[in-house]
Amino acid sequence: MSRLVLIDGSSYLYRAFHALPPLSNAAGEPTGALFGVVNMLRATLKEKPEYVAFVVDAPGKTFRDEMYAEYKANRPPMPDDLRAQVQPMCDIVQALGIDILRVEGVEADDVIGTLALAAARDGLEVTISTGDKDFAQLVRPGVVLVNTMTGSRTDSDAAVMDKFGVRADQIVDYLALMGDTVDNVPGVEKCGPKTAAKWLAEYNDLDGVIAAAPTMKGKIGENLRAALPRLPLNRALVTIRTDVALEQGPRDLQLREQDADSLRALYARYGFTQALRELGGVAAPAAADDAKVSLRGTAAGYAKAGDTAPAAGTDPALAAKGEYETVLTAGQLQAWVERLQGAEEFAFDTETDALDAMRANLVGISLAVEPGKGAYIPVGHDYPGAPAQLPMQQVLDALRPLLEDAGRKKLGQHGKYDIHVLRRHGIQVRGYADDTMLESFVLNSTATRHDMDSLAQRYLGYTTTKFEEVAGKGAKQIPFSQVGIDEASAYAAEDADITLRLHRVLSAQLAAEPSLEKVYREIEMPLVPVLARIEANGVAIDAAELKRQSSDLSARMLAAQQKATELAGHTFNLDSPKQLQAVLFDELGLPALVKTPKGQPSTNEEALEAIAEQHELPRVILEYRGLAKLRSTYTDKLPEMVNPDTGRVHTSYHQSGAATGRLSSSDPNLQNIPIRTEDGRRIRQAFVAPPGRKLMACDYSQIELRIMAHLSEDPGLIRAFEQGADVHRATAAEVFGRALEEVTPNERRAAKAINFGLMYGMSAFGLAKNLGIDRGQAQDYVALYFSRYPAVRDFMERMRVQAREQGYVETLFGRRLYLNDIHARNQGLRAGAERAAINAPMQGTAADIIKRAMVSVDGWLADHADRARMILQVHDELVFEADSAFIQTLQAEVEARMSAAANLRVPLVVDTGIGENWDEAH
DNA sequence: GTGGGCCCGTAC
DNA sequence: GACGTACGGGCCCACG
């Protein structure tokens with residue numbers, strides 16, 4: 001379907017002017033607002049709409065001024081620095097091939113409204129691009145709202161409801177009630193978004209609210225009655241007209257070819273280097289992006305924008321169905337080997353009979369060297385009537401020289417899995433050069449999914465064949481080895497083909513962002529084989545000991561359960577928060593002091609602690625909970641996870657697991673093994689070194705706090721680290737004005753809570769809760785802290801501002817975290833995004849550093865593989881298993897490499913422990 | 001039966 | 001509403 005984008009030029013210009021710093025070009029001409037608008041336009045055009053209009057206000061009075069003399073009366077004249085940017089803006093819009101509309105007697109809003117509805121009637125998809133919430137009144141099927149500067153999108157009644165708490169058809173009444181100070185339209189005094197939404201929910205529309213006014217209670221009722229006479233006028237003023245007589249219809253607004261020469265001159269004049277670079281030296285600039293990814297090599301073939309691309313901004317050829325070959329004969333295999341030999345880089349993928357890479361058996365291999373073509377080589381399909389396949393060994397032997405050659409570049413999607421499978425079938429993959437999952441992750445870690453199906457949809461507009469479609473799901477699922485070869489081939493060859501196509505698109509996007517490409521190339525890709533080795537190494541556990549612990553825990557749980565039954569007067573399920581809530585708060589009448597996010601009375605630890613003085617039961621529940629958690633999550637589970645082939649536990653590390661760049665771990669998660677309580681530490685004791693070996697745990701001391709010192713450059717905090725071992729004590733001494741040795745335990749505890757809390761963007765409220773002090777005192781602590789470490793406060797504010805202006809924050813190494821909610825209307829979401837903006841540079845930089853250290857250490861370990869192995873990573877800690885006689889050498893080398901993984905303004909200290917088990921090694 | 005939301009709790 | 005990033009277990013309800 002063709003698309004029309006209506007751009008609210010005036011609104012963007014004003015918003016960019018106020019949101020961005022007062023930039024200027026070399027000649028001193030102001031460019032800040034222009035820069036924002038140009039970025040917005042470039043983003044809009046990347047979506048390749050067929051029709052576009054840039055609508056601005058015409059000078060002079062409009063019909064609204066006739067209706068209401070005071071309309072916009074208190075609006076200051078346009079600042080000179082902004083006025084100076086209007087003409088350049090129009091020049092750039094023209095050069096981009098976009099029509100500019102300016103209609104006298106009405107506002108830009110009315111022109112947009114009229115065109116939007118006309119276009120929707122005409123069967124076009126309409127996108128209104130604006131920063132103005134008033135347009136929400138136009139949202140309906142076929143008409144969506146986007147704010148390209150913030151990335152927000154309002155595309156349905158549900159989305160309007162979500163943002164404003166009213167339906168799209170109630171927006172006019174909603175605005176009429178609230179009024180608009182900027183336009184000098186007074187609404188009902190003290191009636192903001194909340195009240196307006198509440199009334200409309202109750203009385204449906206403005207007429208309903210007006211009818212209910214006489215009986216409305218309180219001050220707000222008086223205010224409403226006072227405002228009654230002007231509400232109909234308000235409604236008229238905020239209603240966007242959709243019946244303006246226009247010279248052009250929607251279909252007259254076709255996007256024209258852009259004038260590259262003019263654009264280049266304009267971009268150069270105003271210093272827009274990124275935009276200029278995108279134009280490049282290519283004759284047809286609009287296709288510059290495409291040229292890099294084009295299958296047809298059409299560098300000069302400027303495809304008209306709005307071509308029938310199935311997804312926004314993609315090359316149609318990249319979304320077409322491919323042609324796939326099933327390799328069943330030696331001749332076919334040989335032909336493919338030759339094809340791979342001639343390729344600069346090829347994509348490969350394995351099919352197996354299980355998800356667990358450490359157990360799965362190879363069923364087939366797929367390959368691709370050019371987009372749209374692919375092969376599947378089945379080697380393990382086994383079902384009645386299955387065709388004869390090439391012997392697995394013959395296939396592996398034929399491919400081995402290619403897969404093991406470090407000089408021959410390979411590409412995959414989540415290739416770590418395939419590396420495991422192939423290793424377990426006798427092939428050591430080398431030269432694994434690119435991974436589309438990691439490309440996607442580095443480009444935008446906030447996108448939660450980086451699986452191939454999602455990427456294909458997102459970047460190619462291509463709908464892949466799903467695993468479930470060929471193998472079924474749930475109880476009806478069959479192993480891939482029993483899937484018919486023809487079906488399997490269509491599915492599997494597509495995987496390799498799509499991986500290749502995705503790489504064309506993603507690598508081009510990375511190339512446009514050098515700092516991200518560096519993160520991808522220098523941190524993430526080198527880490528892949530390292531993680532594969534750590535996972536393959538696995539860790540030895542004492543399963544018998546864990547089973548003993550399970551029995552012990554069970555006995556204690558039973559005792560707690562009996563006690564609980566006695567105290568409650570009847571049996572109930574202690575594992576059920578719902579039943580527990582009924583017992584505590586309904587039957588026993590204890591106060592429900594804490595609520596869950598959904599408003600239910602909470603039974604979490606904090607809530608139970610709060611009522612533990614009043615009744616015995618809460619303590620018993622807490623005891624039970626602690627035991628149950630340890631048993632179900634750890635002592636019962638871990639023995640089940642021992643791999644029968646290796647006798648060890650092999651976790652999976654997810655490289656695209658956490659948006660900040662941290663790894664995550666699952667199946668089992670070995671990054672949350674207990675450490676704080678005695679019972680918990682017993683579990684760590686079951687992570688053991690085999691006879692003759694020892695475990696060594698090396699962790700970065702206070703790495704995130706050190707990074708905060710580095711990034712903020714705060715002299716006081718830097719000094720605290722230089723002073724020595726205990727930074728919390730040093731902080732307490734500084735904040736409370738004591739000598740180091742005079743710091744009391746309470747002062748140290750407070751300093752520690754502040755240090756940690758700050759890194760998470762915690763408020764005085766949170767600190768008060770944490771320390772059990774009142775809010776005023778917590779506020780005093782924070783103020784005192786910031787007075788001693790002012791650069792820390794500046795750093796945090798800088799991160800908030802950067803997040804708001806750029807939409808993302810960065811780590812020391814250039815990794816980016818986009819904050820999608822940084823401009824959310826919902827205050828809670830927005831505040832959360834601000835906290836994440838503060839935390840991400842520290843957490844993410846720590847992640848970058850330990851990843852670099854892992855690659856470095858792994859490089860050294862390659863020559864000592866029989867004496868020492870890396871076996872675990874827990875965010876700031878690396879765990880090794882080594883021959884007892886080798887431990888000292890290992891310790892010196894690992895500590896040196898970990899410390900050298902970054903060069904900060906404070907020392908990067910590593911603490912090491914050694915023992916027979918993981919607990920002892922701490 | 002299964003999938004998913006919710007609540008809770010473990011780690012850094 | 002109020003502290004960032006994860007994973008996972010049990011409950012419980014909707015759904016097929």
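Just so you know, these numbers use all the heavy atoms, side chains as well, and skip hydrogens, waters and symmetry mates. Below, chains carry the letters A, B, ... as their sequence lines are ordered, and counting in each starts from 1. If you're wondering where the values come from, they're calculated on a predicted model, not measured in any experiment.
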request  = Would you kindly compare A:Gln843 and A:Phe765 by the position of their nearest DNA chain C nucleotide and give the one closer to the 5′ end?
outcome  =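 Per heavy-atom nearest nucleotide, the more 5' residue is A:Phe765.
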query = Mapping A:Gly761 and A:Asp575 to their closest nucleotides on DNA chain C, which lands nearer the 5' end?
reply =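 Its nearest nucleotide being more 5', the pick is A:Gly761.
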Rounded to the Å, how far apart are [X] [atom1] and [N] [atom2]?
X        : N      : atom1 : atom2 : value
A:Ile673 : C:dG9  : CD1   : P     : 12 Å
A:Leu627 : B:dT10 : CG    : C1'   : 14 Å
A:Asn669 : C:dC7  : CG    : P     : 7 Å
A:Lys637 : B:dT10 : NZ    : C1'   : 15 Å
A:Gln477 : B:dG1  : CD    : P     : 18 Å
A:Asp679 : B:dT10 : CG    : P     : 11 Å
A:Leu767 : C:dC3  : CG    : P     : 9 Å
A:Ile707 : B:dC12 : CD1   : C1'   : 13 Å

Please determine, for the side chain of [X], which listed nucleotide ([options]) has the closest atom?
X        : options               : value
A:Arg835 : C:dT5, C:dC7, C:dC3   : C:dC3
A:Pro577 : B:dC7, C:dA6, B:dT10  : B:dC7
A:Asn604 : B:dC12, B:dG9, C:dG10 : B:dG9
A:Gln827 : C:dG1, C:dC3, C:dA2   : C:dG1
A:Pro674 : C:dC3, B:dT10, C:dA6  : B:dT10

Please confirm whether the shortest side-chain N or O distance from [X] to OP1 or OP2 of [N] is below 4.0 Å.
X        : N      : answer
A:Thr596 : B:dC7  : yes
A:Gln579 : C:dC12 : yes
A:Arg676 : B:dT10 : no
A:Arg662 : B:dC12 : no
A:Ser763 : C:dC3  : yes
A:Lys578 : B:dC6  : no
A:Asn672 : C:dA6  : no
A:Thr633 : B:dG9  : no
A:Ser576 : C:dC12 : yes
A:Thr660 : C:dG4  : no

Is [X] touching bases, backbone alone, or none of the nucleic acid, heavy atoms closer than 4.0 Å?
X        : answer
A:Glu605 : sugar-phosphate
A:Lys769 : nothing
A:Asp699 : nothing
A:Gly766 : sugar-phosphate
A:Tyr634 : sugar-phosphate
A:Ala659 : sugar-phosphate
A:Ile675 : sugar-phosphate

message = Check this for me, if you would: do A:Arg662 and A:Glu704 make a salt bridge, where the nitrogen-to-carboxylate-oxygen distance has to be below 4.0 angstrom?
response =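 Salt bridge present between A:Arg662 and A:Glu704.
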message = Could you check whether A:Arg682 pairs with A:Asp679 (Lys NZ or Arg NE/NH1/NH2 to Asp/Glu carboxylate O, under 4.0 Å)?
response =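 Salt bridge between A:Arg682 and A:Asp679, a charged N being under 4.0 Å from a carboxylate O: yes.
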task = Pick the P atom in C:dC3 and in B:dG5, then give their distance to the nearest Å.
result =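 Roughly 25 Å separates the two P atoms.
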request  = Give me the ring orientation class for A:Phe441 and A:His450: parallel if the planes are under 30° apart, tilted from 30 to 60°, perpendicular past 60°.
outcome  =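 Ring orientation, 0 to 90° scale: perpendicular.
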request  = Please tell me if the side chains of A:Arg729 and A:Glu747 come closer than 4.5 Å, counting only heavy atoms from C-beta onward.
outcome  =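 Sidechains of A:Glu747 and A:Arg729: no contact.
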ask   = A:Tyr818 versus A:Val809: any side-chain heavy-atom pair under 4.5 Å?
value =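 No, too far: nothing below the 4.5 Å cut-off.
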key: Within residues 830-839 of chain A or reaching into it, pairs that qualify as salt bridge (charged side-chain N to carboxylate O under 4.0 Å, His left out) - sequence neighbours excluded   =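 Found A:Arg800-A:Glu834, A:Arg804-A:Glu834.
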message = Are A:Tyr785 and A:Tyr789 an aromatic pair, judged by ring center distance below 6.0 Å?
response =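 That pair passes the under 6.0 Å test.
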